[in-house]
Each structure stands twice: as C-alpha cells, then as structure tokens.
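Notes follow once the structure below has been shown.
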Amino acid sequence: MFGLSKEMLLKRQIMLFLDKQTESVPSQAVTNDVQSVTNQTIRKYLQELQVSIEKLYSSEKMELQINRRSGIELIRRDTNFDALFEEILSQDIIYAVFQKLILSRSFFTKPFCEEQDVSLSKLRRKINNLNHFLNPFGLYVTVGKKVTMNGEESHIRFLFFSFLYFIHRRLTSIPWVNEKKYLDLAEQVCYLLYIEPRCSKVEMIGLWLFVNMQAHKENRLLETLSLQEYFLIEIPRPNFLTSFEDEDWQFFIAVLYATDLIDIDPNIN
C-alpha cells in the first residue's frame, strides 16, 4: 500500500492481529497469521514493537508482553494505535518522498539521497514499488535529476489526502504542517455547511483543505472536471477560501460527500 515497505506494513498487521486476541498466543500463531516471513523475523519485529510501545505509551495505556513460556500478549486500555502506526510508517523512506512531493511536487534527487542517506538505486526501487500501487489510478512518479509526481491533478490531490490520513489520522499530528490556519478555515466550512464542528471532522476537513491549498501554492490547477453536470452543490464558493476557484469548491465538496464527512443533499445526475 502506497509503496510502503513490507516490514512496516507487517508490523501494523501484527498489532492488529494481537489486538483481536483475548489471551496470550505463541509467536508461531502470529507467524501463521502473517504467513510471509519466518518465526525468527516475527520475534524480531515483536521486540522492536515492544520498544516503540514503551517509548510512546505508559504501561497503563498499552503494553506488549513477550514471554517465552506464556507467549505474546497485547494489553491496551483506553487508547488507540495512532501514535504507534504513525511512528512505524513514517520511518519508511517512501514517507519522506511523499512529504517532498506534497510540499513541492518535484525535488532534486541527489540532495534528497544525501539527506536521507539512501542510494539512488534503492530510491529507484522504492519508487518503482510506489508506481505499481499508483498505476491503477493513472499516476506515476519519475526519477531523474528530479523526482516528480505526474498525473491528473484531481487524482494527485486525493492520493495525498488518503496518504496523510492513512499515516496520521489527524492534521495536528503532522509535524511539518502549520495546522492552525487550516483548522480555523475548517471550522468556518463546518458552519457554512451546517456541520457540527466536532474535533474529528474539523481535523479531517482541515487536512483536505491543506492538500488543496498547498496545490494552489504550487500553482497546480485542476483539470476540467465538469462536476456541475452530475454533482451540483447549491452553495456558492465562500469568500474566505480566497485561493479556490468554483471548480475547486465543487471538487472539495464532492470529496467530503463521497467520504461521508458531510451529510448534504446534492443534485446528483
């Protein structure tokens, strides 16, 4: 998924498996669920997960117990995996690639490799994996002197939104985004669309605003979508979204509607 490494995704899968168990299980049971790696590798991943959990959570909130006799047990109380998954997945080099592409759509390859301490050949392999994921969506990333995102603008924006939500869940969890202005605008959107401004919805709408406004900052315009032919919102573009054109507003609302973030009654053809 998103070209992320197998190791990162397997760690996520391991945690979700353990969370379903009602008692301790042997490491072999985890291996049998994952199926694609050896028991020795699973034990290594479990130890790394244990270290991450101890760093991110108090023992009252979450604890991963590893015992040779009794097996593996995950204890979780009144907390979620967001911080853990965020740390695991953001360690992948593909996360750094997405961050650069979201902020600038294109970046020089050599300085990036030096900054990330990664070889050009490894970067090419990682981006090749990413392109396998992107291919069904008509998107692709090229690697030369620069790394560049290519494809229809509407698809690129939704890809970036989906990626950030998959990793962070919340706008305020993204350390390289100044979230305040987007949250303020998100609250205004909530009032405009008669949405109860609950924290989770404000965060999601703010995240979607960030993606769209960052695209405008980079002078990336939407292709002609002709949305009004089949999806018409009888709400004019608000003045406080100064960078939005009417097409952007219709697209912005269409995605909020399609992802069940808002409950409206558009005229749909």
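Since we're looking at a predicted model, the values are computed, not measured.
A 4.5 Å side-chain heavy-atom check between Ser5 and Lys126 finds at least one atom pair inside the cut-off. Under the 4.5 Å side-chain criterion, counting only non-hydrogen atoms from C-beta, Leu164 is not in contact with Leu171. Taking 4.5 Å as the limit, some side-chain heavy atom of Val97 sits within range of a side-chain heavy atom of Phe112. Using a 4.5 Å heavy-atom cutoff, the side chains of Ile72 and Pro26 are not in contact. Two residues are said to be in side-chain contact when any heavy atoms from C-beta on lie closer than 4.5 Å; Ile127 and Asn131 meet this criterion. The closest side-chain heavy-atom distance from Leu123 to Val147 is below 4.5 Å. Looking at heavy atoms from C-beta onward, Thr38 lies out of side-chain contact with Thr31 at the 4.5 angstrom threshold. Two residues are said to be in side-chain contact when any heavy atoms from C-beta on lie closer than 4.5 Å; Tyr45 and Glu48 meet this criterion.
Note: Leu134 CG to Met149 CE = 5.5 Å, rounded to the nearest 0.5 Å. The CD atom of Glu247 sits 10.5 Å away from atom CG of Leu221, with the distance rounded to the nearest 0.5 Å. Taking CD of Gln188 as the reference point, atom CG of Asn239 lies at 10.5 Å (rounded to 0.5 Å). In this structure, CZ in Arg125 is found 15.0 Å from CG in Leu130, a value given to the nearest 0.5 Å. The NZ atom of Lys55 sits 14.0 Å away from atom CD of Gln50, with the distance rounded to the nearest 0.5 Å. Leu18 CG to Gln65 CD: the interatomic distance, rounded to the nearest 0.5 Å, is 11.5 Å.
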Would you check, one step at a time, whether the test salt bridge (Lys or Arg N to Asp or Glu O under 4.0 Å) holds for Arg169 with Glu203?
CA-CA 8 Å; Arg169 297 299 184 194; Glu203 290 263 6; over 6 Å; no

Show the numbers, then the answer: is there a side-chain contact (heavy atoms from CB on, under 4.5 Å) between Phe161 and Asn212?
CA-CA 9 Å; Phe161 172 69; Asn212 283 275; over 6 Å; no

side-chain contact (heavy atoms from CB on, under 4.5 Å) between Cys190 and Glu196, intermediate numbers included
CA-CA 7 Å; Cys190 286; Glu196 183 183 353; over 6 Å; no

Step by step, work out the side-chain contact (heavy atoms from CB on, under 4.5 Å) result for Leu74 and Met15.
CA-CA 8 Å; Leu74 175 67; Met15 293 304 298; 3.7 Å; yes

Step by step, would you call Val143 with Leu120 a side-chain contact (heavy atoms from CB on, under 4.5 Å)?
CA-CA 9 Å; Val143 187; Leu120 177 58; 4.3 Å; yes

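In the model, Ser121 has no side-chain atom that pairs as donor or acceptor with a side-chain atom of Arg124 under 3.5 Å. Glu218 and Ser104 are not linked by any side-chain donor-acceptor pair at a separation below 3.5 angstrom, with hydrogens and angles left out of the test. With 3.5 Å as the limit, one finds a donor-acceptor pair spanning the side chains of Arg43 and Asn39. A side-chain donor from one of Gln28 and Asn32 sits under 3.5 Å from a side-chain acceptor of the other. Using modelled atom types and a 3.5 Å distance limit, the side chains of Thr172 and Glu179 yield no donor-acceptor pair.
In the displayed structure, Asn67 atom CG is contacted under 6.0 Å by more than 12 heavy atoms of other residues, nucleotides or ligands. Applying the 6.0 Å contact sphere to CD of Glu245 captures no more than 12 heavy atoms from other residues, nucleotides or ligands.
Between the side chain of Asn129 and the backbone N or O of Gly3 there is no donor-acceptor pair closer than 3.5 Å. No donor-acceptor pair closer than 3.5 Å links the side chain of Thr41 to the backbone N or O of Val37. Side-chain N or O atoms of Gln21 include one that pairs as donor or acceptor with a backbone N or O of Phe17 at under 3.5 Å. Of the possible polar contacts, none joining the Glu73 side chain to the Leu64 backbone as a donor-acceptor pair under 3.5 Å is found. Without hydrogens or angle criteria, Asn150 side chain to Val141 main chain gives no donor-acceptor distance under 3.5 Å. Panel note: side chain Thr148, backbone Thr142; no donor-acceptor pair is recorded below 3.5 Å. A side-chain donor-acceptor contact under 3.5 Å links Thr109 to the backbone of Gly144.
Of all non-hydrogen atoms in Ile88 and Met8, the two that sit nearest each other are O-SD, 3.3 Å. Across every non-hydrogen atom of Leu46 and Ser27, the tightest pair is CD1-CB, 4.4 Å. When every heavy atom of Ser70 is checked against every heavy atom of Ser24, the shortest pair comes out as O-CB, 3.1 Å. Residues Ala186 and Gly206 approach most closely at CB-N, 3.6 Å, considering heavy atoms. The shortest non-hydrogen separation linking Leu56 to Leu84 is CD1-CA, 3.7 Å. Nearest heavy-atom pair across Ala29 and Val25 is CB-CB, 4.1 Å.
The pair Arg237-Asp248 does not meet the salt-bridge criterion, since no charged nitrogen lies less than 4.0 angstrom from a carboxylate oxygen. Between Arg105 and Glu153 there is a salt bridge, with a side-chain nitrogen of the basic residue lying less than 4.0 Å from a carboxylate oxygen of the acidic one. Between Arg77 and Glu60, none of the side-chain N atoms (NZ, or NE/NH1/NH2) sits under 4.0 Å from a carboxylate O, so this pair counts as no salt bridge.
If you chain together hydrophobic residues whose side chains sit under 4.5 Å apart, Phe240 and Trp249 fall into the same group. If you chain together hydrophobic residues whose side chains sit under 4.5 Å apart, Phe81 and Ile75 never meet in one group. In this structure, Leu4 is not a member of the same hydrophobic cluster as Tyr140, with clusters built from ILVMFWY side-chain heavy atoms closer than 4.5 Å. Ile93 and Phe108 are assigned to two separate hydrophobic clusters, defined by single-linkage of ILVMFWY side chains at heavy-atom distances under 4.5 Å. Connection of Leu103 to Tyr165 is established within a shared hydrophobic cluster, with ILVMFWY side chains joined at heavy-atom distances below 4.5 Å, either directly or through further cluster members.
By the 6.0 Å and 45° rule, Arg12 stacks over the aromatic ring of Phe85. At least one test fails for Arg76 against the ring of Tyr57: distance under 6.0 Å to the centre or angle within 45° of the axis.
A side chain to side chain contact (heavy atoms under 4.5 Å, CB included) with Ser154 holds for exactly one of Leu222, Val255, Leu159; it is Leu222.
Ring to ring, His168 and Tyr95 are close: their centroids are under 6.0 angstrom apart. In this structure, Phe251 has its ring center under 6.0 Å from that of Trp208.
The aromatic rings of Phe2 and Phe166 sit tilted relative to each other, their planes meeting at an angle between 30° and 60°. Relative orientation of the Phe98 and Phe160 rings is perpendicular, given thresholds of 30° and 60° on the angle between their planes.
Within the structure, salt bridge (charged side-chain N to carboxylate O under 4.0 Å, His left out) pairs that include any residue of residues 106-117 comprise Lys100-Glu115 (at least two apart or interchain).
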